[in-house]
2 protein chains.
Amino acid sequence: MSKTLQHIDYTEETELLARFSKALGHPTRLIILKYLSNQSCCYTGDLVGVLPLAQSTISQHLKELKEAGLIDGEVNPPKVRYCINQANWEKARALFSTLFKEDFKNFSCC
Amino acid sequence: MSKTLQHIDYTEETELLARFSKALGHPTRLIILKYLSNQSCCYTGDLVGVLPLAQSTISQHLKELKEAGLIDGEVNPPKVRYCINQANWEKARALFSTLFKEDFKNFSCC
DNA sequence: ATAGTTAATCGCAAATATACGATAAATAAT
DNA sequence: ATTATTTATCGTATATTTGCGATTAACTAT
């Protein structure tokens, strides 16, 4: 890695959309989000009961979703209640919507 | 990895959405897709001229987009013309649309 | 104070992703 | 036949992701 990509300056929007996409890019995380949207919110332990994965693994997926901004964790000791971050979820929806809207304006060749 | 996640059986839809998301999870690939949607189609060389990345790196990103089903490569020697795979793109649009539609049905807690 | 509960974090291993330069393949042009 | 053009693939290095069990941290309840 000599030219190294990390320093290309993408637009904010592109970076953000990539970040959201990456977070959505694992089936377990999609399931967590679906679970969250059905239940309003949930505790880590709820997910441990549902998914055939170690508690530490689930905790890690939650961390990634949180770092991507898609969920929030409210400490409620000794539990932590996770909810979808509505503002960012809306932002994600808007970004994906734009991505899928902008194309095929002038498709002619194939 | 003893319990190993690979064998959890997610639904087809979940797997597919994760696959699409993962492919979209890198800024360079988003730029390629945007470029593609503006230009209808393009050759690998066009992208090499636009992105500050090695030809082999770009080729690899194209391969991933192709493997995810988002684009097609039509060999037109010695060039290869890449276009968005409209059917799968539409499928992706539908899956993301569903993902962002289904939630907040019953948000009450936070 | 002690024990119990819950969830994050640490340390580790294996797999995957990202980037590069160099090489190979496939065809067109000379 | 040789050369040029274009793109894929190979080999390699490094970074990140994914998973686990064990431990730690933070608070409750006894």
Side-chain angles (χ1 to χ4, degrees), chain A residues 1-8 10 14-15 18-32 35-36 41-68 70-83, chain B residues 1-8 10 14-15 18-32 35-36 41-68 70-83:
Chain A
M1 296 195 206
S2 22
K3 280 187 196 168
T4 317
L5 174 61
Q6 334 292 47
H7 315 101
I8 296 182
Y10 301 102
T14 298
E15 295 268 19
R19 189 148 64 86
F20 287 146
S21 297
K22 200 173 178 186
L24 297 174
H26 193 291
T28 295
R29 290 195 288 270
L30 288 176
I31 286 179
I32 290 173
Y35 190 86
L36 234 45
C41 295
C42 73
Y43 298 107
T44 307
D46 298 340
L47 293 164
V48 174
V50 167
L51 296 164
L53 291 168
Q55 178 264 322
S56 59
T57 302
I58 292 169
S59 199
Q60 209 172 335
H61 281 301
L62 287 167
K63 187 183 176 188
E64 272 167 70
L65 287 171
K66 198 167 64 180
E67 281 174 357
L70 292 174
I71 65 175
D72 288 317
E74 181 201 339
V75 180
N76 198 358
K79 297 184 166 191
V80 177
R81 182 207 287 278
Y82 284 101
C83 306
Chain B
M1 296 201 205
S2 22
K3 280 187 197 169
T4 317
L5 174 61
Q6 334 291 48
H7 315 101
I8 295 181
Y10 301 103
T14 299
E15 294 268 19
R19 191 149 63 88
F20 287 146
S21 297
K22 199 172 178 185
L24 296 175
H26 194 291
T28 294
R29 291 195 288 270
L30 288 176
I31 285 178
I32 290 174
Y35 190 86
L36 234 45
C41 295
C42 74
Y43 298 107
T44 308
D46 299 339
L47 294 164
V48 174
V50 167
L51 296 164
L53 291 168
Q55 178 265 322
S56 58
T57 302
I58 291 169
S59 198
Q60 210 173 333
H61 280 302
L62 287 167
K63 187 183 177 190
E64 272 168 67
L65 287 171
K66 198 167 63 181
E67 281 174 357
L70 292 175
I71 64 174
D72 288 318
E74 181 201 338
V75 179
N76 199 357
K79 296 185 168 192
V80 177
R81 183 205 288 277
Y82 284 101
C83 306

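Chain naming here is simple, since letters A, B, ... match the order of the sequence lines and numbering starts at 1 in each.
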Given [options], identify the nucleotide with an atom nearest to the side chain of [X].
{"X": "K63(B)", "options": "dT9(D), dT9(C), dC20(D)", "value": "dT9(D)"}
{"X": "K79(B)", "options": "dT7(D), dT5(C), dC20(D)", "value": "dT7(D)"}
{"X": "P78(A)", "options": "dC20(C), dT27(C), dT5(C)", "value": "dT5(C)"}
{"X": "A54(A)", "options": "dG21(D), dT7(D), dG21(C)", "value": "dG21(D)"}

May I have the distance from [X] (atom [atom1]) to [N] (atom [atom2]), rounded to whole angstrom?
{"X": "L47(B)", "N": "dT6(D)", "atom1": "CG", "atom2": "P", "result": "14 Å"}
{"X": "N76(A)", "N": "dT6(C)", "atom1": "CG", "atom2": "C1'", "result": "11 Å"}
{"X": "E64(A)", "N": "dT16(D)", "atom1": "CD", "atom2": "P", "result": "12 Å"}
{"X": "I58(A)", "N": "dT17(D)", "atom1": "CD1", "atom2": "C1'", "result": "17 Å"}
{"X": "E67(B)", "N": "dT18(C)", "atom1": "CD", "atom2": "P", "result": "12 Å"}
{"X": "L62(B)", "N": "dT18(C)", "atom1": "CG", "atom2": "C1'", "result": "14 Å"}
{"X": "H26(B)", "N": "dT16(C)", "atom1": "NE2", "atom2": "P", "result": "18 Å"}
{"X": "I8(A)", "N": "dT18(C)", "atom1": "CD1", "atom2": "P", "result": "13 Å"}

Mind checking if [X] touches a base, just sugar-phosphate, or nothing, with heavy atoms under 4.0 Å?
{"X": "Q60(A)", "value": "base"}
{"X": "T57(B)", "value": "base"}
{"X": "P77(B)", "value": "sugar-phosphate"}

**Message:** Let me confirm one number: the OG1-CD1 distance from T14(B) to I31(A), rounded to the nearest 0.5 Å.
**Reply:**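 Between atom OG1 of T14(B) and atom CD1 of I31(A) there are 5.5 Å.
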**Message:** Rounded to the nearest 0.5 Å, what separates atom CD1 in I71(A) from atom CD1 in I32(A)?
**Reply:**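 Spacing of CD1 (I71(A)) from CD1 (I32(A)) equals 7.0 Å.
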**Message:** Taking A18(A)'s backbone N and O only, do any of them form a donor-acceptor pair with R29(B)'s side chain (distance below 3.5 Å, no angle check)?
**Reply:**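 Looks like no, no N/O pair under 3.5 Å.
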**Backbone N/O of A68(A) and side chain of R19(A): donor-acceptor pair under 3.5 Å** =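 Here the side-chain-to-backbone pair exists.
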Between [X] and [N], is there a side-chain N or O to OP1/OP2 distance below 4.0 Å?
{"X": "K22(B)", "N": "dA17(C)", "answer": "yes"}
{"X": "S59(A)", "N": "dA7(C)", "answer": "no"}
{"X": "S56(A)", "N": "dA22(D)", "answer": "no"}
{"X": "R81(B)", "N": "dT7(D)", "answer": "no"}

**Prompt:** Quick one: the side chain of Q55(B) and the base of dA8(D), do they pair up donor-acceptor inside 3.5 Å?
**Reply:**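 Side chain to base: pair found, below 3.5 Å.
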**Request:** Report the relative orientation of the aromatic rings in H26(A) and H61(A); use parallel for angles under 30°, tilted for 30 to 60°, perpendicular for over 60°.
**Result:**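 Geometry flag for H61(A) against H26(A): tilted rings.
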